[in-house]
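Since the structure is predicted, the reported quantities are computational estimates derived from the model, not experimental observations.
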Amino acid sequence: MESKPPLLEVRNVSKSFPGVRALRDVSLHLNAGECLAVIGENGAGKSTLMKILAGVQRPDSGEVRVDGRAVEIDSVRGAMDLGVVLIHQELNLADNLDIGANIFLGREPRRLGFIDRRAIYAKSAEMIGRVGLTVSPRTLVGSLTIGRQQMVEIAKALSVNARVLIMDEPTSSLTQHETEQLYKVVKDLRAKGMGIVYISHRLGEVKELADRVVVLRDGQFAGELPREQITHDAMVKLMVGRDLSQFYQKTVHAPGEAVLEVEGLRTPQHPQHELSFELRAGEIVGVAGLVGAGRTEMLQTVFGVTPAVGGRVRVAGKDVTPRMPIQAIRAGLALVPEDRKAQGVILEMSIRENAGLPSLRRQARGGAFVNFAAERRTSEETMRKLAVKAPSDRQVVQFLSGGNQQKVVIGKWLAMGPKVLLLDEPTRGIDIGAKREIYKLMEQLAATGVAVLFVSSDMEEVLGMSDRTLVMHEGRITGELRRDQLSEEAIMQLATGHGAEVMNV
């Protein structure tokens, strides 16, 4: 007897973006009535693959099959027609509409040419009942908790007769009770024959729900675990294990006095957790963690972008606890943000104007007028020290490469002579040559006594550049690793909420 083909199959799918190979010959399959977990580090290619399946992006090569038949998914609507629905981590609902209107938005049933609201509410009541949501379909979505909004998204998928439900980090914003309710719904849908692709960094819930686990690493298939082999350690081992690149020329510096002391800091995003650590002169300290760990939020709170809920920050022994960035800058802190285009540079302005922005007040003539000569010296020094590739400092920043834009962001802060440099994903989206130059710069700064604290989702970068590494999980620091303790597996154990016994050793 011929075996039934998989409900969904991916064969040798590849996808590239400028400078990045997101997927390379990835193959996997999903059976009806199965929960398949897809896991991997940040940047492993999970989201790209799911967007291809959901019709958001198209592959460069390879094919997707549904019920054994090759299909071309060229739009979100095309994916839905095939029964494939993606529920994004950031929910895609209209807060100002009620549940029924959200479920049938763009697909409203009609009667005599008019929207049939009675049919909408009757069908919506049936759908939300299937996911255990005991509210009226006339309830405004904006009044629901995130957990209940998640159930509305699932009900919306059921309303289009979804056969494959892709869930991207579905519990990232849920309470424990809401998470347990989601587990029940997933198990019920699986029992009724739906295929579920479940993406999560929370390995405990993967173990709870998955029939199989597929691991992606660096855009490639790294391995698969059947139900009986799914353990925390087995998943971590498949997620890690690369050799370090050759271009990390790490020099270990003897740390000096503490220049940044963070004590009991509570961020607005995770007010229940206190963050405490210190940074010494000449140290390069990495901050590792998975998506949603709270790393960016921590840097922004230290820098005063978002005022702390509690705790204190000291710089060079002085209590500063900034409530706005200007206070942090005056104390000797500098922050290179994750999104350089939105927060790091003004794209329409020149290199000279961007490089001189933080120093305007300090260099002003008569306390009120721009010192154009000083501005020119700052920009020329930035271009020389950081090897910014441009015809002149009059070049508009938006026409620079990503790496050169990042150098401008870093250079404008270096002109201020900071005691502490905070870097958030300093090499994201830049080429290998520019990465090497930024690593070299970090080393040079440490050698002169600047303390560097950097957040990175690139495991090789963390291992290659850190004197110490702080690891975060869901808003708290779960461990601190010395350089001789650093390994991908040790970091991943802490990043997924395990192995806290390593902390502060």
Side-chain angles (χ1 to χ4, degrees), residues 256-271 273-285 287 294-340 342-346 349 353-371 374-375 378 382 408-426 442 445-446 448-455 470 472 475 477:
E257 297 295 320
V259 289
L260 176 67
E261 298 168 272
V262 175
E263 182 181 321
L265 190 73
R266 292 188 291 126
T267 68
Q269 293 81 7
H270 300 280
H273 297 308
E274 293 188 349
L275 303 171
S276 298
F277 63 91
E278 69 174 24
L279 195 61
R280 296 183 175 275
E283 253 191 331
I284 299 177
V285 175
V287 184
R295 299 166 299 165
T296 292
E297 291 82 359
M298 179 180 75
L299 291 193
Q300 290 180 339
T301 303
V302 169
F303 195 64
V305 176
T306 53
V309 175
R312 61 174 60 184
V313 176
R314 293 191 189 91
V315 179
K318 295 181 180 178
D319 193 344
V320 295
T321 315
R323 299 192 65 78
M324 56 183 65
I326 188 63
Q327 295 171 310
I329 294 168
R330 288 171 179 164
L333 298 178
L335 170 64
V336 174
E338 179 180 14
D339 189 343
R340 61 177 167 268
Q343 302 168 332
V345 291
I346 299 176
M349 293 172 68
E353 291 165 319
N354 272 282
L357 274 176
S359 309
L360 276 178
R361 184 181 297 273
R362 178 186 294 185
Q363 297 174 343
R365 298 175 62 186
F369 299 97
V370 175
N371 187 333
E375 184 181 66
T378 298
T382 294
V408 173
V409 180
I410 296 173
K412 74 176 187 180
W413 289 119
L414 297 187
M416 299 288 288
K419 298 181 179 75
V420 179
L421 182 61
L422 309 174
L423 301 167
D424 195 355
E425 302 288 358
M442 290 167 67
L445 291 171
T448 62
V450 176
V452 179
L453 183 69
F454 76 100
V455 164
L470 305 175
M472 296 186 69
I477 296 174

Legend entry - Residue pair Gly475 / Leu275: nearest heavy atoms and the distance that separates them: O-CD2, 3.6 Å
Legend entry - Interatomic distance, Leu470 atom CG to Glu278 atom CD [nearest 0.5 angstrom]: 10.5 Å
Legend entry - Heavy-atom side-chain proximity of Val305 to Pro325 below 4.5 angstrom: yes
Legend entry - Met472 side chain near Val287 side chain, heavy-atom distance below 4.5 Å: yes
Legend entry - Check: Val313 main-chain N/O paired with Thr321 side-chain donor or acceptor under 3.5 Å: yes
Inset, instruction - To the nearest 0.5 Å, tell me how far Leu265 CG sits from Arg312 CZ. - result: 11.5 Å
Legend entry - Side-chain heavy-atom pair Pro268, Val309 within 4.5 angstrom cut-off: yes
Legend entry - Non-hydrogen atoms of Leu333 and Phe303 that approach each other most closely: O-CE1, 3.6 Å
Legend entry - Exceeds 12 heavy-atom contacts within 6.0 angstrom, atom CD of Gln343: yes
Legend entry - Option from Val336, Leu423, Leu299 for which side-chain contact (heavy atoms from CB on, under 4.5 Å) with Phe454 holds: Leu423
Legend entry - Donor-acceptor pair, side chain of Arg280 and main chain of Gly256, under 3.5 angstrom: yes
Legend entry - Nearest-0.5 Å distance that lies between atom CD1 in Ile410 and atom CZ in Arg340: 9.5 Å
Inset, instruction - May I ask you to test the Leu335-Trp413 pair for a side-chain heavy-atom distance under 4.5 Å? - result: no
Legend entry - Separation of Arg295 CZ from Asp424 CG (nearest 0.5 Å): 7.5 Å
Inset, instruction - Heavy atoms only: give me the nearest Ala451-Val259 pair and the separation to one decimal. - result: CB-CG2, 3.4 Å
Legend entry - Pairwise side-chain contact, Phe277 with Leu260, heavy-atom cut-off 4.5 Å (strictly under): yes
Inset, instruction - For the residue pair Met298 and His273, establish whether any side-chain heavy-atom pair is separated by less than 4.5 Å. - result: no
Inset, instruction - Taking Lys412 for its side chain and Val345 for its backbone only, find out whether a donor-acceptor pair lies under 3.5 Å. - result: no
Legend entry - Nearest atoms (heavy-atom pairs only) where Ala334 meets Pro418: CB-CB, 4.0 Å
Legend entry - Minimum-distance pair of heavy atoms, taken over all atoms of Thr448 and Leu445: OG1-O, 2.7 Å
Inset, instruction - Taking the side chain as every heavy atom from C-beta outward, state whether Ile346 and Leu357 have any atom pair closer than 4.5 Å. - result: yes
Inset, instruction - Answer whether the closest heavy-atom distance between the side chains of Val409 and Pro337 falls below 4.5 Å. - result: yes
Inset, instruction - For the pair Gln327 (side chain) and Met324 (backbone), establish whether a donor and an acceptor sit closer than 3.5 Å, ignoring hydrogens and angles. - result: yes
Legend entry - Approximate separation, where rounding is to 0.5 Å, of Glu274 CD and Thr267 OG1: 11.5 Å
Inset, instruction - Please confirm whether the backbone N or O of Leu279 pairs with a side-chain atom of Glu283, one donor and one acceptor, at under 3.5 Å? - result: no
Legend entry - Closest non-hydrogen atom pair between Ala331 and Val320, with its separation: CB-CG1, 3.6 Å
